[in-house]
Amino acid sequence: MLDIAWVILCAILGAPLIINPKKVVERPACRIKSPAVVRIIGVVIIVLGILQPVIHMM
């Protein structure tokens with residue numbers, strides 16, 4: 001049950017980074033100025049969110 005919650009949390013955090021990275025980069029507090037880097041970070045969050053429960057089950 002906790003694994004499903006973890007995947008959902010990672011999807012909620014990573015999806016906006018993939019869908020609209022320009023909106024994140026335009027914020028004044030954002031130190032990363034490249035939308036491509038923000039999109040890659042979103043992909044990494046989602047991939048790790050999916051792989052972590054799989055690795056945990058092994």
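Each residue takes its place number in the sequence, starting with 1. Predicted model only: the values in this text are computed from it and were never measured.
- A single hydrophobic cluster is seen to contain both Val25 and Val37, as judged by linkage of ILVMFWY side chains at heavy-atom distances under 4.5 Å, directly or through other members.
- Nearest heavy atom pair, residue Ala11 against residue Pro16, reads O-CD, 4.4 Å.
- How far CD1 of Ile18 is from CD1 of Ile45: 8.5 Å, rounded to the nearest 0.5 Å.
- Of all heavy-atom pairs spanning Arg27 and Lys33, the tightest one is O-NZ, 4.2 Å.
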(request) Begin with the C-alpha distance, continue with both residues' side-chain angles, and end with the deciding distance and a verdict on side chain to side chain contact (heavy atoms under 4.5 Å, CB included) for Ile40 and Leu17. (result) CA-CA 8 Å; Ile40 290 170; Leu17 299 178; over 6 Å; no

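- With respect to Ile46, the side-chain contact (heavy atoms from CB on, under 4.5 Å) criterion is satisfied by exactly one of Val43, Ile50, Val44: Ile50.
- Placement of Ile4 and Ile12 within a single hydrophobic cluster is found when ILVMFWY residues are connected by side-chain heavy-atom separations under 4.5 Å, directly or transitively.
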(request) Check step by step if side chain to side chain contact (heavy atoms under 4.5 Å, CB included) holds for Val24 and Asn20. (result) CA-CA 7 Å; Val24 176; Asn20 198 359; over 6 Å; no

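- For Lys22, the NZ atom sits in a loose shell: 12 or fewer heavy atoms of surrounding residues, nucleotides or ligands are nearer than 6.0 Å.
- Heavy-atom minimum distance, Cys10 versus Gly49: SG-CA, 3.6 Å.
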